[in-house]
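Everything numeric in this text was worked out from a predicted model, so none of it was measured. As a basis for the values below, the full set of heavy atoms in this structure was taken, side chains included, without hydrogen atoms, waters or symmetry mates.
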Amino acid sequence: MKLLTGLVFCSLVLGVSSQRWFSFLGEAYDGARDMWRAYSDMKEANYKNSDKYFHARGNYDAAQRGPGGAWAAEVIREDD
């Protein structure tokens, strides 16, 4: 719900064009997928104190996607 509210807010406040809107959504989806991949890798590694590395890797990968990915990384990071 937080993700949906944030997307609606961004579209209203920033006045994002329709083409840019779809790009933002795609970047946000890919960024969330990067974060999930890092989380899954962390669980698979099951190594003590490795969580900081995997969280940093997920944030970095998501932020490299563009503004949507950086936004998704920020939203997911706040839930931790």
Linking I/L/V/M/F/W/Y whenever any side-chain heavy atoms sit under 4.5 Å apart, do Tyr39 and Phe54 land together? yes

Test of understanding: clusters of I, L, V, M, F, W, Y form through side-chain heavy atoms closer than 4.5 Å, transitively. Do Trp36 and Met42 belong to the same one? yes

For a quick test of reading the model, state the closest non-hydrogen atom pair linking [X] to [Y] and the distance between them.
X: Ala73; Y: Ala62; value: CB-CB, 3.8 Å
X: Ala72; Y: Gly31; value: CB-C, 4.5 Å
X: Gly66; Y: Glu27; value: C-OE1, 3.7 Å

Going by salt bridge (Lys or Arg N to Asp or Glu O under 4.0 Å), name the pairs with one or both residues in residues 36-52, residues two or more places apart or in two chains. Asp34-Arg37, Asp41-Arg57

Value rounded to 0.5 Å, distance of CG in Asp61 from CG in Asp30: 11.5 Å

Interatomic distance, OH@Tyr29 vs CZ@Arg65, rounded to 0.5 Å, equals 10.5 Å

